[in-house]
Amino acid sequence: MTHQHYEECIKVCLECMEACNTCFDACLKEDHVQMMAECIRLDRECADMCSFAAKAMQTNSPFASQICALCADICEACGNECKKHDHDHCQKCAESCFRCAEMCRKMAA
């Protein structure tokens, strides 16, 4: 994989991590926080995985493609959960998750 491909995927992973962290924090402030529990859980999982995937690519890990494949699955799950909620932060997070899932799938291929 070329360095340029890694750079683009790393950038998208870090953007997704930021969107998930923003969504996580905003969800905790919603009136019905219990209703947001699964969104919060997946935001945390996705942010952690995106960070790990970016690090794997930065260090040229021999497992980068497998890590990116798992990252894509987690991003898709998070995006599907976030898009269920009308909050702006959830909708933005869903978009970022789907973009990251698509990029990570290309990286894993």
Side-chain angles (χ1 to χ4, degrees):
M1 196 60 51
T2 68
H3 184 68
Q4 186 176 2
H5 285 99
Y6 272 155
E7 284 299 316
E8 190 176 352
C9 193
I10 289 167
K11 180 179 180 279
V12 171
C13 282
L14 294 176
E15 288 169 356
C16 187
M17 178 190 74
E18 186 176 342
C20 287
N21 283 331
T22 299
C23 188
F24 162 81
D25 185 56
C27 284
L28 288 174
K29 296 172 185 159
E30 293 296 339
D31 292 334
H32 303 288
V33 78
Q34 189 59 37
M35 186 181 85
M36 305 305 294
E38 190 62 18
C39 189
I40 292 166
R41 175 190 312 275
L42 285 168
D43 282 338
R44 293 297 331 128
E45 188 87 27
C46 191
D48 288 347
M49 192 65 216
C50 287
S51 174
F52 184 58
K55 182 180 177 187
M57 287 180 281
Q58 288 170 337
T59 60
N60 203 26
S61 168
F63 301 102
S65 63
Q66 293 99 315
I67 291 167
C68 285
L70 179 58
C71 187
D73 291 345
I74 293 170
C75 285
E76 188 171 333
C78 188
N80 285 332
E81 178 59 32
C82 282
K83 77 176 183 182
K84 293 177 187 176
H85 305 284
D86 291 332
H87 310 292
D88 189 50
H89 56 86
C90 288
Q91 292 301 310
K92 286 180 179 175
C93 188
E95 288 174 24
S96 187
C97 286
F98 293 138
R99 189 168 44 253
C100 190
E102 181 182 352
M103 184 65 69
C104 281
R105 278 198 173 67
K106 288 179 185 175
M107 190 59 59

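Just so you know, these numbers use all the heavy atoms, side chains as well, and skip hydrogens, waters and symmetry mates.
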So how far is it from F52 CZ to C71 SG, rounded to the nearest 0.5 Å?
10.5 Å
A side-chain contact here means heavy atoms from C-beta on lying under 4.5 Å apart; do R99 and C16 qualify?
no
For the pair E38 and R41, find out whether any cationic side-chain nitrogen is under 4.0 Å from an anionic carboxylate oxygen.
yes
Can you confirm whether E45 is buried at CD, in the sense that more than 12 heavy atoms of other residues, nucleotides or ligands lie under 6.0 Å from that atom?
no
Are the side chain of T22 and the backbone N or O of E18 linked by a donor-acceptor pair below 3.5 Å?
yes
Please walk me through it: do E7 and K11 pass salt bridge (Lys or Arg N to Asp or Glu O under 4.0 Å)?
CA-CA 6 Å; E7 284 299 316; K11 180 179 180 279; over 6 Å; no
Does V33 belong to the same Ile/Leu/Val/Met/Phe/Trp/Tyr cluster as L42, with side-chain heavy atoms less than 4.5 Å apart forming each link?
no
Any chance you could measure C90, atom SG, to E30, atom CD, to the nearest 0.5 Å?
7.0 Å
Note, N21 side chain near R44 side chain (heavy atom, < 4.5 Å)
yes
Locate the shortest heavy-atom distance separating A56 from A64; write the atom from each residue and the value.
O-CB, 4.2 Å
Student check: side-chain heavy atoms of M36 and H32 closer than 4.5 Å
no
Specify the closest pair of heavy atoms between I74 and C46, including all atoms of both residues, with the distance to one decimal.
CG2-CA, 3.7 Å
Is there a path of hydrophobic side-chain contacts, each under 4.5 Å between heavy atoms of I/L/V/M/F/W/Y residues, joining L14 to M107?
yes
To the nearest 0.5 Å, atom CE of M103 lies from atom CZ of F98 at 16.0 Å
Run the side-chain contact (heavy atoms from CB on, under 4.5 Å) test on C27 and H89 for me, step by step, so that the C-alpha distance in whole Å, both residues' side-chain angles and the decisive distance to 0.1 Å come before the verdict.
CA-CA 8 Å; C27 284; H89 56 86; 3.5 Å; yes
Smallest heavy-atom separation, S65 atom then A108 atom, equals O-CB, 3.3 Å
Heavy atoms of other groups near Q58 CD, more than 12 under 6.0 Å:
yes
Kindly list each side-chain donor-acceptor pair under 3.5 angstrom involving residues 75-84, sequence neighbours excluded, with atom names and distances?
{"from": "E76", "atom 1": "OE1", "to": "R105", "atom 2": "NH1", "distance (Å)": "3.4"}
{"from": "E76", "atom 1": "OE1", "to": "R105", "atom 2": "NH2", "distance (Å)": "2.8"}
{"from": "N80", "atom 1": "ND2", "to": "E76", "atom 2": "O", "distance (Å)": "3.3"}
{"from": "E81", "atom 1": "OE1", "to": "K84", "atom 2": "NZ", "distance (Å)": "3.2"}
{"from": "E81", "atom 1": "OE2", "to": "H85", "atom 2": "NE2", "distance (Å)": "3.0"}

Mind listing the closest non-hydrogen atom pair of S61 and I67 along with its distance?
OG-CD1, 4.4 Å
Minimal non-hydrogen separation, M57 against C68, with atom names:
SD-SG, 3.8 Å
Show, in sequence, the C-alpha distance, side-chain angles and deciding distance for E102 and K106, and conclude whether the salt bridge (Lys or Arg N to Asp or Glu O under 4.0 Å) test is met.
CA-CA 6 Å; E102 181 182 352; K106 288 179 185 175; 3.7 Å; yes
